[in-house]
Structure formats: C-alpha cells, structure tokens
Amino acid sequence: MDVSMSFSQDMDNEYEKLIRRMNPPRVVIDNDSSKKATVIRVDSANEYGILLEVVQILTDLNLTISKAYISSDGGWFMDVFNVTDQDGNKVTDEVVLDYIQKSLGPEACFSTSLRSVGVIPSTDSTVIELTGCDRPGLLSELSAVLTHLKCSVLSAEVWTHNTRAAAVMHVTDDLTGCGVSDPERLSRIKNLLRNVLKGSNTPREAKTLVSHGEVHTDRRLHQMMFEDRDYELRVVDDDSSIQDERQRPDVCVDNWLDKDYSVVTVRCKDRPKLLFDTVCTLTDMQYVVFHGSVDTEGTEAYQEYYVRHIDGSPVKSEAEKQRVIQCLEAAIKRRVSEGLKLELCTTDRVGLLSNVTRIFRENSLTVTRAEVKTKGGKALNTFYVSDASGYSIDAKTIDSIRQTIGQTILKVKNNPQEQQQRQKSPSHDSPTRFLFGGLFKSKSFVNFGLVRSYS
C-alpha cells in the first residue's frame with residue numbers, strides 16, 4: 001500500500017516537472033508603465049496554491065501590494081501586481097529584483113510550499129508552536145518557563161485574537177547554542193508549557209508542538225488559529241462589542257450561479273500583508289481563486305475573488321457562507337496591532353525576554369502581539385501592549401518601565417490614545433463591480449491599466 005502511494009506521488013511529481021519544462025514560468029518586472037509602483041507580471045502553468053506562494057514571496061520581501069489582477073482559469077496562471085517598497089517607492093534594489101526573478105521565474109519550484117525568505121531554517125534551533133487561551137501575563141509566564149529550562153528564544157511571533165493566543169518560537173539550548181534534541185527534555189518542555197497555557201477554567205484544550213522542520217511563521221500562525229477556531233463568536237461585554245463592530249471588516253459572499261463561482265468581497269482598512277492574510281485563509285479553507293482584483297483607495301482596501309471549493313463547487317449553504325465570512329474577518333483582525341507599540345533594541349542575553357515581559361506584567365500591561373528577533377548578538381523586539389484592566393495606559397507607567405529597562409533601550413513608537421476612524425465604504429455597490437466590466441470580454445491585461453502591452 002505504502003509503496004503504491006509512493007509510486008503514485010513520484011509519478012505526479014514527474015508529471016509536474018514535465019509540465020513546468022514544457023511551460024516554464026515567465027516573470028516581467030516593469031518600472032516604466034506605472035508612475036508610482038513597480039509592476040510584476042507572473043505567467044505560469046497553473047497549480048493549486050500557486051497564488052499564495054507568489055503573494056507570500058512578495059510579502060516576505062516587505063513589499064506592499066497596492067493593486068493586483070488575478071486570473072487562473074484553466075491550465076494557466078496569469079497575475080499582475082503593483083508593488084512598492086516600505087517607503088512607498090518603486091522597487092529598484094537589484095538584489096531584490098534578482099531574487100524575485102529567481103523565485104518566481106523558471107528556476108522556481110512552487111510545489112515546494114515553504115520556499116520564501118520568510119521561512120526560518122531550524123536545523124540549529126527547535127520550533128515550539130503554542131495555542132491556548134489568552135490572558136494577561138501569558139508571554140511573561142511562557143518565557144519564564146523557557147528560561148528556567150535553560151532555553152533561549154532565538155525568535156518568536158505571538159498573535160492574540162478573540163480571547164485566544166498563538167505563538168511560534170525558535171529556541172536554542174543555553175549551553176550548546178543549538179536546538180534541543182533530547183526526547184525527555186523535549187517532553188518536559190512541552191508538558192510545562194502546556195500547563196502554563198491551560199490556565200484555569202478553560203474549556204478548550206491547550207496545544208504544544210515541538211519540531212525541527214522549516215516553518216513559515218505567519219502562515220503557521222494563521223493555520224494554528226484557524227484550527228483553534230478563533231473565528232467563532234465569543235461572549236463579550238457591550239462596550240467591547242460596540243468597539244469590535246466599528247473595526248469589523250466588511251466581508252460579503254454571493255453566488256454567481258451562471259458561472260458557478262462564489263464572489264467574495266472584502267472592504268477594510270488597508271495595511272501591510274493584508275492580501276497574504278486573505279489569500280492564505282482562502283487556501284487553508286480549500287478554496288481556489290480563479291479570478292480576482294485588489295485595489296487600494298487612500299487608507300481603504302478593496303478585494304474581490306471569484307472562488308470555488310477545491311471540489312469544484314461554489315459555496316453551497318448559508319452556514320458555509322457565514323463560516324467563510326467569519327474566517328476572513330478573523331484573518332484580517334489577527335494581525336491588527338492594538339495597543340501601544342514598544343520597540344526594544346539591546347545586546348541579547350539569557351533571560352532577556354523573560355525579564356522584559358515580567359516588568360510589563362508587574363506594571364499591569366498585557367502583550368497583545370509580539371515579534372522577537374536576534375541578529376548579530378542584538379535583540380530586536382517589538383511589543384504591542386495594553387492595560388490589563390482595559391483602561392488607557394498611564395504615561396507615568398510607561399516612563400517608569402522605560403527607566404527600569406533603559407530609556408535608550410525601550411522606545412515608544414505610537415500614541416495609545418490615538419483613535420483612527422474607519423471610513424465608511426459604499427454599501428450599495430455590486431459585489432462584482434471590479435471585474436464585470438471586462439473580465440470575460442477580453443483576455444488582455446492592458447485593459448485593466450496595470451501593465452503595458454509586451455507584444
């Protein structure tokens with residue numbers, strides 16, 4: 001049985017290689033046709049998941065995708081992306097441009113699902129994945145346990161959403177500087193961390209997973225929170241409900257029966273990695289995007305996708321429709337950074353993360369999101385914190401924390417009092433307003449104003 005399955009997989013892989021040799025991918029990078037953005041056109045034989053891989057590669061390079069046109073109907077994949085760098089300028093760095101060509105062009109292999117700069121090789125570290133109930137001081141407790149177990153956090157990313165928390169941590173042994181390999185020690189680490197995650201009066205099980213494989217952190221966090229069902233509604237107080245409703249993305253799902261598509265539209269505040277978050281969720285829910293359009297107008301983002309389930313059917317029921325809406329809303333909100341942004345930069349040392357987060361906890365601050373990195377012996381950490389009781393953070397509390405940690409080491413990057421009002425999007429537009437104008441009348445990308453003719 002195993003032999004026949006292995007043989008079948010080998011045949012499929014060989015067939016994919018043959019198709020790719022016969023139809024090699026083509027990447028065109030154009031810095032002339034648009035005044036404000038670099039236009040990247042990708043043509044390739046179509047494969048399930050290829051859209052996510054392309055978006056993942058561009059996103060991992062910290063490029064902002066301001067416009068996109070997606071078409072993958074039939075056996076061919078044709079996408080156009082308007083991208084800028086972090087400063088809003090065209091991409092002119094030859095190293096970045098060469099990486100895009102090699103990653104998306106003929107040398108690429110999209111069937112390798114984690115080939116991107118965002119993938120962290122873990123041969124020299126141990127990957128710990130955690131999911132559980134969020135509560136004030138959770139990161140402090142987890143990092144304290146790791147410090148007690150003689151483990152250093154090489155890098156970590158922590159997300160919280162809808163009372164749930166998820167984290168991907170890369171840790172090393174304090175003595176060897178390498179990953180932890182002893183089975184008994186790994187088992188003890190898992191058990192102690194799971195006990196911390198369980199907390200009290202938590203009906204849902206906490207999960208810990210230890211591995212040494214390659215991990216794309218953002219994608220794994222989405223998958224972990226999706227598996228943990230963070231998209232399900234929670235019982236919250238009235239004030240929280242009102243605030244949550246104001247920040248809620250506008251997601252609609254309608255069926256276009258003539259073409260057997262479900263049309264998914266998203267309107268929300270624009271932010272970095274938004275396209276990755278929505279495409280990742282649709283892919284993990286096993287929906288295939290056949291056509292799509294992405295645009296940004298000021299601070300607002302508009303996305304439209306024509307999808308079918310991997311079995312070829314559109315959304316079949318009201319329950320499935322609501323689940324798609326809830327999952328996309330959750331995917332968008334997971335990365336929304338609530339609270340005061342604090343950046344820490346200092347020489348890395350054993351127990352640093354534990355000490356810093358303990359100081360936050362002792363001052364009644366809870367971490368809503370965190371990104372921990374070490375580079376060249378330096379700790380480069382970003383924390384989003386809020387008051388554990390739900391009140392505004394007192395400026396005196398922040399001053400006290402900075403004096404304890406170091407004024408030059410810990411810096412405040414935004415004002416927690418600032419409230420950004422979401423612009424109201426038109427509510428009477430057709431859910432198919434982006435693509436009905438010309439999608440099925442012409443196959444020319446020129447008609448969409450995203451790329452000039454290359455003929």
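Side chains included, hydrogens not; waters and symmetry mates left out as well; all remaining heavy atoms used. In this chain, numbering begins with 1 at the start of the sequence shown.
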*Please round to the nearest 0.5 Å and tell me the distance separating atom CG of D87 and atom OG1 of T64.*
9.5 Å
*Evaluate side chain to side chain contact (heavy atoms under 4.5 Å, CB included) for I393 paired with I398, printing each intermediate quantity in order.*
CA-CA 8 Å; I393 299 176; I398 297 301; 3.7 Å; yes
_Return the CG to NZ distance between L380 and K373, rounded to the nearest 0.5 Å._
8.0 Å
*Backbone N/O of L365 and side chain of N363: donor-acceptor pair under 3.5 Å*: no
_Does N191 form a side-chain hydrogen bond (donor to acceptor under 3.5 Å, both in side chains) with R194? I'd like the steps, not just the answer._
CA-CA 5 Å; N191 291 334; R194 187 183 297 113; 3.1 Å; yes
*asked:* So does E94 get a backbone contact from the side chain of D98, meaning a donor-acceptor N/O pair under 3.5 Å?
replied: no
*Take the angle between the ring planes of H291 and Y306 and call it parallel below 30°, perpendicular above 60°, tilted in between.*
perpendicular
*Kindly give the heavy-atom pair with the smallest separation between C280 and R219, and that separation in Å.*
SG-CG, 3.9 Å
*Might you work through the side-chain hydrogen bond (donor to acceptor under 3.5 Å, both in side chains) test for T299 and D270, ending with a clear yes or no?*
CA-CA 5 Å; T299 61; D270 190 31; over 6 Å; no
*asked:* List the residues meeting ring pair (Phe, Tyr, Trp, His ring centres under 6.0 Å) with Y305, not counting sequence neighbours, and say none if there are none.
replied: none
*Between the main-chain N or O of E232 and the side-chain N or O of N162, is there a donor-acceptor pair closer than 3.5 Å?*
yes
*Once you round to the nearest 0.5 Å, how far does CG of D230 lie from NZ of K333?*
10.0 Å
Side-chain donor-acceptor contacts of residues 141-149 below 3.5 Å, not counting sequence neighbours, with atom names and distances?
| residue | atom | partner | partner atom | Å |
| --- | --- | --- | --- | --- |
| E141 | OE1 | R135 | NH2 | 2.7 |
| S143 | OG | L139 | O | 2.8 |
| S143 | OG | S140 | O | 3.1 |
| S143 | OG | T357 | OG1 | 3.2 |
| T147 | OG1 | S143 | O | 2.9 |

Taking distance alone, no hydrogens or angles, what donor-acceptor pairs closer than 3.5 Å link side-chain atoms of residues 310-317 to residues at least two apart or in another chain?
| residue | atom | partner | partner atom | Å |
| --- | --- | --- | --- | --- |
| D311 | OD1 | H309 | ND1 | 3.3 |
| D311 | OD1 | S313 | N | 3.0 |
| D311 | OD1 | S313 | OG | 2.7 |
| S317 | OG | E320 | N | 3.2 |

*So do the side chains of L58 and I40 get within less than 4.5 Å of each other, counting heavy atoms only?*
yes
_Short N-O contact, K90 and D85, less than 4.0 angstrom_ = no
*Can you find a pair of side-chain heavy atoms, one from T382 and one from K341, that are under 4.5 Å apart?*
yes
*Evaluate the side chain to side chain contact (heavy atoms under 4.5 Å, CB included) criterion for residues D124 and T172: first the C-alpha distance (whole Å), next the side-chain angles of each, then the deciding distance (0.1 Å), finally the verdict.*
CA-CA 7 Å; D124 294 329; T172 57; 5.9 Å; no
*asked:* Out of the candidates I50, L51, L52, only one should pair with T283 under the side chain to side chain contact (heavy atoms under 4.5 Å, CB included) rule; please name it.
replied: L52
_Spatial distance of atom OG1 (T160) from atom CD (E338) [nearest 0.5 Å]_ = 7.5 Å
*If we only count heavy atoms from C-beta on, is the V263 to N255 side-chain gap below 4.5 Å?*
no
*Evaluate side chain to side chain contact (heavy atoms under 4.5 Å, CB included) for L344 paired with T346, printing each intermediate quantity in order.*
CA-CA 7 Å; L344 181 143; T346 187; 3.7 Å; yes
*Does some side-chain heavy atom of M224 sit less than 4.5 Å from a side-chain heavy atom of F226?*
no
_Under-4.0 Å salt bridge between R334 and D277_ = no
*Do we get R308 above Y287's six-membered ring, with its NZ or CZ under 6.0 Å from the centre and within 45° of the axis?*
no
*Spatial distance of atom NE2 (H216) from atom CD (E53) [nearest 0.5 Å]*: 8.5 Å
_Pair D134, T163 - check side chain to side chain contact (heavy atoms under 4.5 Å, CB included), show working._
CA-CA 5 Å; D134 186 32; T163 76; 5.5 Å; no
*Does any non-hydrogen side-chain atom of F360 lie less than 4.5 Å from one of I401?*
yes
*Would you mind checking if D295 and K67 are paired as a salt bridge, meaning a charged N to carboxylate O distance below 4.0 Å?*
yes
*Does S44 use its side chain to pair, donor to acceptor, with the backbone of F77 at less than 3.5 Å?*
no
*Heavy-atom distance under 4.5 Å between the side chains of T368 and V385, does that happen here?*
no
*Flag the pair V54 / L104 as yes when at least one side-chain heavy-atom distance between them is below 4.5 Å, and no otherwise.*
yes
*asked:* I'd like to know if D79 and R41 make a salt bridge, using a cut-off of under 4.0 Å between side-chain N and carboxylate O.
replied: no
_Just so I know, are the side chains of D182 and L186 near enough to count as touching, which here means a heavy-atom distance under 4.5 Å?_
no
*asked:* If you compare all heavy atoms of H170 against all heavy atoms of S125, which two are closest, and at what distance to 0.1 Å?
replied: ND1-OG, 3.4 Å
_Where V96 and V91 come nearest, the two heavy atoms and their spacing_ = CG1-CG1, 3.8 Å
*Using a distance-only test with no angle check, is there a side-chain donor-acceptor pair under 3.5 angstrom linking D284 and H222?*
no
*asked:* To the closest 0.5 Å, what do you measure between CD (E329) and OH (Y231)?
replied: 13.0 Å
_Restricting to non-hydrogen atoms, name the atom on T281 and the atom on A331 that form the minimum distance, rounded to 0.1 Å._
OG1-CB, 2.9 Å
*For residues L328 and T278, report the shortest heavy-atom separation together with the two atoms involved.*
CD2-O, 3.9 Å
_Heavy-atom pair with the smallest gap, counting every atom of L130 and I128_ = CD2-CG2, 3.6 Å
*Okay, side chain of N82, backbone of A68: is any donor-acceptor separation there less than 3.5 Å?*
no
*side-chain hydrogen bond (donor to acceptor under 3.5 Å, both in side chains) assessment of Q326 paired with R323*: CA-CA 5 Å; Q326 289 179 356; R323 186 168 182 264; over 6 Å; no
